Enquirer: 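Pasting a structure below so you can have a look.
Nothing here was measured: the structure is a model prediction, and the numbers come from that model. Numbered from 1 within each chain, the chains take letters A, B, ... in sequence-line order.
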Amino acid sequence: MQPDATEANTEATLSVRGLKKVYQTDGGDVEAVRNLTFDLRAGELACLVGPSGSGKTTLLKCISGLMAPTEGEVLLDGKRVTGPPKKMAVVFQEYGRSLFPWMRVRDNVELPLKNQGVPKGERDRLVDDALEAVGLSHVPRSYPWQLSGGMQQRVAIARAIAYQPEVLLMDEPFAAVDAQTRADLEDLIRVVWKKLGVTVLFVTHDIDESVYLGERVIILSSSPTVIQEDIQIDLPADRDQLNTRSLPRFTELRHHVYEQIQLAKKGHRPAAATSGGAGTE
Amino acid sequence: MQPDATEANTEATLSVRGLKKVYQTDGGDVEAVRNLTFDLRAGELACLVGPSGSGKTTLLKCISGLMAPTEGEVLLDGKRVTGPPKKMAVVFQEYGRSLFPWMRVRDNVELPLKNQGVPKGERDRLVDDALEAVGLSHVPRSYPWQLSGGMQQRVAIARAIAYQPEVLLMDEPFAAVDAQTRADLEDLIRVVWKKLGVTVLFVTHDIDESVYLGERVIILSSSPTVIQEDIQIDLPADRDQLNTRSLPRFTELRHHVYEQIQLAKKGHRPAAATSGGAGTE
Amino acid sequence: ACGSGSPSSTGGGTAPATGGGEEGLTKVSVGVIPIVDCAPIYLGDKQGFFKEEGLELDIQTATGGAAIVPGVVSGSFDFAFSNLISVMVAKDKGLDLKFVANGASTTGEEGKDIGGVVVPAGSDIQSAKDLAGKTVSVNNLSNIGDTTIKSVIEKDGGDPSGVKFVEVAFPDAPAALANKQVDAAWILEPFLSKAVDEGGTVVSSNFVEMSPELDIAGYFTKGDTISGKADLTEKFTRAMNKSLEYAQEHPDEVREIVGTYTKIDEATRAKMILPRYRVEFDEGAFKTLGDAAAKYGTLSTAPSADDLLP
Amino acid sequence: MSPGTLAAGGAAPPVERQRRKAGKGASKQLLGILGIIGFLGTWELIPRLGLIDERFLPPASEVIAALVVDFGLTAFWVAVGETMKAWFLGLLMAVAAAVLLGFIIGSSDFLRKATNSTIEFLRPIPSVALIPLAVLLFGVKIESSLLLIVYASFWQVLIQVLYGVADVDMVANNTAKTYGLGRLARIRYVVFPTALPYLMTGVRLAAAVALVLAITAELVIGSPGLGREIALAQSGGAISGMYALVLATGLIGVLINMLMRQIEKRILGWHSSIRSEVIV
Amino acid sequence: MRTARNIGYILGLPVLLVLVWWLSTLGSVNFFVPKPADLVETFGEVWFGERFFSDVLPSLGRLVVGVAAAILIGVVGGVLIGSVRWLRALLEPTLEFFRAIPPPVLVPVLMLLMGITDSMKVMVIISGCVWPVLLNTIEGVRAVDPVLSDSAHTYGISGWARVRYLVLPSASPQIMAGVRQSLSLGLILMVISEMFASSSGLGFTIVQFQRSFAIPEMWSGIVVLGLLGVAMSFIFQWAERNILRWYHGQKEVENAA
Ligand SMILES: Nc1ncnc2c1ncn2[C@@H]1O[C@H](COP(=O)(O)OP(=O)(O)OP(=O)(O)O)[C@@H](O)[C@H]1O
Ligand SMILES: Nc1ncnc2c1ncn2[C@@H]1O[C@H](COP(=O)(O)OP(=O)(O)OP(=O)(O)O)[C@@H](O)[C@H]1O
Ligand SMILES: O=[N+]([O-])[O-]
Ligand SMILES: [Mg+2]
Ligand SMILES: [Mg+2]
């Protein structure tokens with residue numbers, strides 16, 4: 001695997017190397033993430049699944065430079081991440097608290113663009129498109145706290161999309177929306193991904209979703225976390241909700257992921273990871 | 001339908017009658033809920049599904065007496081609800097904000113019991129059981145903000161269960177937990193429901209979940225909201241994740257609900273509701 | 001110690017009251033301001049004049065004038081020390097107050113008084129009348145400083161209405177003068193000596209110029225006390241008078257005792273000019289002062305000496 | 001700003017943080033001492049360079065020397081004791097009254113509206129205007145100072161408590177309501193913790209105001225304490241002595257604040273303003 | 001109907017208190033406590049006329065300038081100190097030191113530095129009013145929601161934009177609490193600034209009345225202070241409602257029950 005990793009490194013947009021994160025609390029240290037190493041190629045769409053509390057949010061915070069890892073490092077285009085990189089957008093799990101309550105929906109979506117100095121005309125177009133895409137073009141003048149949970153979450157998604165990032169991190173972005181909207185948004189993400197060639201890391205709890213959406217699914221073990229498995233999703237590039245989901249291969253992959261998570265939950269750890277993390281044990 | 005409703009009323013624990021809710025905003029009035037009428041019998045377990053923004057949270061807030069309806073009323077055991085009733089527990093959609101950040105996990109779960117004057121021994125048992133049931137017995141001394149999203153949500157659930165309410169309202173309580181935990185929690189809810197004979201109203205976006213969990217599924221139209229359909233779930237009372245979900249009847253029901261939501265999203269409204277709400281159109 | 005057997009001593013046979021047991025003493029609280037003018041009461045207390053009268057003094061210091069009159073009116077103080085104008089004003093406003101003993105008087109020597117108007121070196125102000133149109137600092141407006149200065153200016157042939165008075169506390173006045181924030185400053189001892197040492201010139205000894213016999217401050221109480229506790233009042237007056245005389249005769253002891261209740265350093269204490277301490281009020285000077293205060297609007301009507309003086 | 005922001009609010013690597021943990025408190029205090037040294041240095045230079053006459057503003061070193069002399073005097077410590085006694089009692093009464101009234105008024109919409117105009121009327125009345133009243137009631141004793149201290153610091157706390165009570169998170173409050181927590185229980189478990197950060201700021205403000213008023217009252221009325229000593233030094237022309245006492249007042253202020261910070265850290269560990277120092 | 005109720009809220013308690021005061025002064029004759037009727041009469045005589053222009057207006061001018069400057073300094077300083085940790089550590093003890101110095105002691109020093117001028121009095125006002133704004137801003141800045149802060153961070157919102165769009169709005173409820181405190185403190189300090197080294201002004205006049213035992217006049221001056229306080233507070237509350245529209249909206253909506 002070693003030569004593979006170094007080779008991947010050269011063309012990788014995002015490299016996570018030996019990442020470890022220990023939280024210090026008054027009740028002692030909590031080892032949330034033990035040892036994570038993986039790469040994302042430019043323009044790759046990867047889904048991240050794992051049991052609750054396995055460190056997905058922690059990982060995303062480290063990648064986005066909001067939190068420094070205890071050990072290991074995150075490289076973006078070969079450069080070490082020490083603070084939030086430019087052209088990276090993050091949709092937080094706590095969507096309700098990630099919107100500015102003192103700004104209307106439209107202003108919330110527009111702010112990052114305005115801050116970047118995008119000219120008014122283009123800004124308007126981007127914002128309108130994004131709101132349209134998430135089905136919220138009718139509430140631009142509402143405040144976030146006047147919206148339902150699902151709508152708030154969609155505002156956060158619209159903001160990320162309008163920003164046209166090169167790397168997009170999403171932490172359970174569809175948790176609060178209904179099944180139909182969810183399906184629509186899944187397709188939206190794939191469309192945006194294809195159109196902009198953006199690198200996406202997508203955290204989800206929905207196994208079907210991870211298989212349907214991703215080109216690759218990374219499964220985390222339970223905490224202290226290592227990578228349980230890293231699966232390539234060999235489904236056709238053009239996916240649609242009805243046909244893709246009824247493919248036998250889809251069901252197979254889905255089953256495979258399910259089993260791995262079951263294992264992870266039961267505390268089973270991959271042999272490689274155990275030996276890899278032996279030094280820390 | 002009229003005689004049926006009055007009859008139901010006598011044995012109903014929870015009656016929602018002609019409920020309407022209009023929000024006043026600086027951008028004009030928003031008619032979130034137009035006209036909702038339904039009853040829950042004591043000990044019934046009903047699921048509520050509907051598109052994002054259809055007013056599920058609004059409905060739950062009205063039922064729990066946290067918000068006054070614009071028109072119509074909510075009756076609990078025949079008495080009109082004007083403030084939060086005793087022996088009702090609510091798990092809010094905004095789980096992150098419903099926990100007290102200044103209390104540790106255990107204290108959060110214990111508080112309502114302490115406040116009720118439940119003796120220490122029993123309180124401890126109830127709290128321990130609840131934390132055990134949601135898989136959080138290892139973090140009683142953490143603060144909520146030291147937990148992952150899914151863990152926070154489970155603390156809120158544990159608090160509701162430990163409280164041993166007579167009526168339990170849950171607003172997308174499993175949105176932030178992984179598939180396996182979700183399945184476990186679904187079974188937990190059914191166990192608790194059977195053991196305590198509690199009346200449950202359960203909001204979810206997951207159609208499979210609504211069918212698997214509920215004795216009945218209430219489908220809401222999109223906003224301004226009326227009831228799209230009210231389906232009895234005639235699956236066996238003893239359910240289990242593997243067998244129940246593979247029953248042909250399960251698939252049928254699932255499909256039916258799915259179609260209805262599709263219709264709702266497309267703006268289709270049930271004939272009865274349209275005529276019922278004709279005066280307001 | 002040479003004057004211990006002063007003529008005004010009425011102690012007679014009861015002189016050794018010290019041995020008479022502390023219990024027999026009547027407690028009397030007196031509000032004073034911690035300045036040189038109040039030295040006699042401290043001295044008299046030390047000499048035992050009050051004990052001889054059967055009084056046990058409780059001297060309470062109030063830093064400014066603000067607390068003195070309310071303290072007497074409320075009964076917190078049985079007697080208190082205040083300048084004449086303050087008591088005149090209170091009386092004018094309807095408070096029933098009356099002096100029971102003199103406090104401090106001008107030395108009567110021009111250029112060697114306890115207060116004066118100082119100008120910086122090189123000022124074109126030569127005498128009181130030149131103050132017209134200038135800015136002059138006093139410690140409190142509508143009080144004894146501006147009243148006497150106005151009257152002195154008028155006497156000197158100037159126009160008192162053109163003077164602009166501002167409030168500057170005595171300790172801050174030399175600085176205000178040095179920084180040219182005021183043209184002249186009215187200053188009392190011990191700051192007056194300091195200001196002169198530092199090059200200031202006294203252009204008017206306003207107290208003396210108004211009247212060489214001017215009494216400046218005294219001890220007063222309310223009418224109720226005089227009528228209701230005549231005995232106590234008499235005792236206090238007697239002891240106080242004795243103290244005044246003693247102080248007048250023992251300036252060195254005055255300089256020394258001032259060090260116990262103020263923070264004036266020894267060198268300054270040795271040099272500063274002391275006021276005159278005497279028993280009798282000068283009614284003529286009192287009238288001059290009262291008339292001036294009425295004339296310049298500080299009082300509504302000129303006070304009568306009979307009502308106010310003992 | 002970017003590097004500065006990072007260092008301040010951003011991602012201090014925990015490894016470093018761990019190492020710094022022991023050193024952090026020390027280095028923080030070191031910086032504070034540095035700030036004070038800078039201030040004293042400036043003060044020393046102003047009269048030395050002749051910007052202000054030494055007679056009116058003596059250099060810091062001279063004042064510190066005078067303060068050191070004071071430290072050896074029992075009279076000084078007696079005065080400090082008097083001032084601290086007035087400060088503590090006044091603050092205690094003000095906080096107790098303000099917290100009680102603040103929670104009562106704050107948790108009722110009616111009371112809040114009905115008392116608004118009266119509160120706004122009474123608040124800006126300077127304590128110093130109450131001096132005649134205070135002396136009338138209590139003479140030049142400590143009670144006079146207490147009246148002024150309590151009056152001035154009461155409003156500081158009351159207003160903060162009212163704001164804090166208004167800031168209660170409704171999701172949290174509603175949760176409590178549905179779990180059957182009554183009004184009192186909600187005040188105890190929801191409103192109080194929410195208002196606590198506001199209250200602590202209020203107490204910190206009030207602690208300073210109480211000290212200021214204790215000194216002012218002693219200064220103007222002449223009740224015993226540091227303020228009276230300042231007035232005495234001032235009227236005695238002891239300039240260095242006066243500044244030494246002012247310096248002592250300031251030092252007491254610093255000590256009081258350190259104490260308040262410590263208490264705050266104890267009871268507000270969960271609040272994000274404190275938390276952010278630990279985590280972010 | 002609604003305005004009637006509002007007026008009731010504004011006047012109800014004051015009327016009640018005046019009634020109590022009136023009843024309690026019916027028989028007694030305390031020199032230091034005037035009767036309501038006397039006070040009203042004195043009030044008109046004293047404050048309607050020349051004194052309004054010669055004493056009240058100049059004082060108000062200094063008050064407005066002082067408070068405005070204090071707010072500006074407090075907010076700017078608070079944002080800086082609140083967001084730069086080492087700066088906070090550097091300055092906190094020194095600031096605490098100055099905060100503990102009573103304004104009456106500051107007056108002579110400021111007089112030395114600035115002379116007996118209006119700017120000296122304004123400085124006294126600033127020196128006292130700045131603290132509530134400064135401290136509240138520091139606390140408000142430090143309490144920014146971490147999730148929100150992360151969001152801004154990842155969208156590259158930093159520097160001035162971060163202050164403008166994140167820090168200031170999020171701290172604004174607390175800043176407003178500080179401003180409200182400093183308004184009334186400003187009135188108090190206005191009086192203190194005119195108590196020493198002065199010859200005119202509202203505060204001076206009140207102190208002068210106090211010293212010359214013009215007791216009803218003194219109380220009438222205190223009433224003027226109170227009324228000014230009420231007026232300033234109402235203007236402030238109106239401004240606050242506009243600036244914090246989102247905040248009150250959010251609370252109101254959540255409070256709809
Ligand atoms: N601030 C913190 N202090 C201490 N421990 C923390 C903190 N944040 C997270 N943890 C712990 O780290 C672990 C991983 O948390 P994280 O939020 O990354 O999980 P997650 O995979 O995102 O879970 P979920 O799917 O439930 O959101 C958990 O055990 C959690 O308790
Ligand atoms: N405070 C408010 N002010 C104005 N409009 C509101 C407010 N709260 C909710 N609404 C509107 O009411 C409608 C219903 O909102 P509600 O939160 O009840 O939906 P929901 O069914 O819970 O949606 P979700 O599944 O996304 O949580 C939405 O259109 C929303 O915009
Ligand atoms: O209230 N004050 O006089 O400061
Ligand atoms: Mg998470
Ligand atoms: Mg909802």
Enquirer: Considering only heavy atoms from C-beta outward, does the side chain of E:Phe97 approach that of D:Ile36 to under 4.5 Å?
Expert: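 The answer is no; the side chains never approach within 4.5 Å.
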
Enquirer: Just so I understand: if I count every heavy-atom pair under 4.5 Å between each of E:Gly203, E:Gly221, E:Gly128, E:Ala89 and chain D, which residue has the most?
Expert: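 Ranked by heavy-atom pairs under 4.5 Å with chain D, first place is E:Ala89.
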
Enquirer: Could you have a look at E:Thr94, E:Val207, E:Val230, E:Leu90 and say which one has the most heavy-atom pairs with chain D under 4.5 angstrom?
Expert: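 Looking at each option in turn, the highest pair count goes to E:Leu90.
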
Enquirer: Looking only at heavy atoms and a cut-off of under 4.5 Å, which of E:Leu228, E:Leu91, E:Leu189, E:Leu227 has the most pairs with chain D?
Expert: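 Of E:Leu228, E:Leu91, E:Leu189, E:Leu227, E:Leu227 has the most heavy-atom pairs under 4.5 Å with chain D.
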
Enquirer: Of the backbone (N, CA, C, O) and the side chain (C-beta and beyond), which part of D:Tyr198 lies under 4.5 Å from a heavy atom of chain E, both, or neither?
Expert: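 Looking at D:Tyr198, just its side chain touches chain E.
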
Enquirer: With rounding to the nearest 0.5 angstrom, report the CG to CD1 distance, E:Leu187 to D:Ile125.
Expert: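 Answer rounded to 0.5 Å: 10.0 Å.
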
Enquirer: Please rank E:Gly82, E:Pro132, E:Gly12 by heavy-atom pairs under 4.5 Å with chain D and give me the top one.
Expert: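 Most heavy-atom pairs under 4.5 Å with chain D: E:Pro132.
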
Enquirer: Identify, with sequence neighbours excluded, every residue that meets side chain to side chain donor-acceptor pair (under 3.5 Å) alongside D:Glu229.
Expert: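 Expected list: C:Lys263.
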
Enquirer: With under 30° as parallel and over 60° as perpendicular, where do the rings of D:Phe39 and E:Phe98 fit, or are they tilted in between?
Expert: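 The arrangement is perpendicular - the two ring planes meet at more than 60°.
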
Enquirer: Taking the side chain as every heavy atom from C-beta outward, state whether E:Val223 and D:Phe121 have any atom pair closer than 4.5 Å.
Expert: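 Yes - at least one pair of side-chain heavy atoms lies under 4.5 Å apart.
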
Enquirer: Which of the residues E:Leu225, E:Ile206, E:Leu13 is involved in the greatest number of heavy-atom pairs with chain D at under 4.5 angstrom?
Expert: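 Looking at each option in turn, the highest pair count goes to E:Leu13.
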
Enquirer: Which atom pair, heavy atoms only, marks the closest approach of D:Gly32 to E:Pro93?
Expert: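 Smallest interatomic distance, heavy atoms only, reads CA-CG, 3.6 Å.
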
Enquirer: Got E:Met232 and D:Glu120 here, is their nearest side-chain heavy-atom distance under 4.5 Å?
Expert: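 They are not in contact (no side-chain heavy atoms under 4.5 Å apart), so the answer is no.
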
Enquirer: Indicate yes or no: at least one non-hydrogen side-chain atom of D:Lys113 is less than 4.5 angstrom from one of E:Ile10.
Expert: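 A side-chain contact is absent here, since even the closest heavy-atom pair is not under 4.5 Å.
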
Enquirer: Taking C-beta and beyond as the side chain, do E:Glu92 and D:Leu31 meet within less than 4.5 Å on heavy atoms?
Expert: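 Of all side-chain heavy-atom pairs linking D:Leu31 with E:Glu92, none is under 4.5 Å.
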
Enquirer: Just give me the residue among D:Ile252, D:Leu251, D:Ile215 that pairs up with chain E most often, heavy atom to heavy atom, under 4.5 Å.
Expert: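 Greatest number of close heavy-atom pairs with chain E: D:Ile215.
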
Enquirer: Quick one: CG on E:Asn136 to OH on D:Tyr163, what's the gap to the nearest 0.5 Å?
Expert: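 The OH atom of D:Tyr163 is 9.5 Å from CG of E:Asn136, to the nearest 0.5 Å.
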
Enquirer: If you count heavy-atom pairs under 4.5 Å with chain E, which of D:Leu211, D:Ile119, D:Leu247 comes out on top?
Expert: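 Of the candidates given, the most pairs with chain E belong to D:Leu247.
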
Enquirer: What part of D:Thr201 is in contact with chain E, defined as an atom under 4.5 angstrom from a non-hydrogen atom: side chain, backbone, both or neither?
Expert: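 Side chain only.
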
Enquirer: Would you say the side chain of E:Arg180 lies within less than 4.5 Å of the side chain of D:Arg123, judging by non-hydrogen atoms?
Expert: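 Result yes, sub-4.5 Å side-chain heavy-atom pair found.
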
Enquirer: Chain D: which of E:Gln174, E:Met176, E:Gln237 shares the most heavy-atom pairs with it under 4.5 Å?
Expert: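 Maximum pair count with chain D is reached by E:Gln237.
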
Enquirer: Are E:Leu17 and D:Thr118 packed together at the side-chain level, in the sense that at least one heavy-atom pair is separated by less than 4.5 angstrom?
Expert: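 Yes; the side chains approach each other to less than 4.5 Å.
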
Enquirer: Apply side chain to side chain donor-acceptor pair (under 3.5 Å) to E:Gln181 and list each qualifying residue two or more places apart in sequence or on a separate chain.
Expert: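 Result, side chain to side chain donor-acceptor pair (under 3.5 Å) vs E:Gln181: D:Gln160.
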
Enquirer: Mind ranking D:Gly253, D:Gly202, D:Ala114 by heavy-atom pairs under 4.5 Å with chain E and telling me who comes out on top?
Expert: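 Highest number of heavy-atom pairs under 4.5 Å: D:Ala114.
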
Enquirer: How far does CD1 of D:Ile159 sit from OG of E:Ser233, to the nearest 0.5 angstrom?
Expert: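 It comes to 8.0 Å.
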
Enquirer: At a heavy-atom separation under 4.5 Å, does E:Phe209 approach chain D through its side chain, its backbone, both, or neither?
Expert: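 Contact with chain D is absent: no heavy atom of E:Phe209 under 4.5 Å.
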
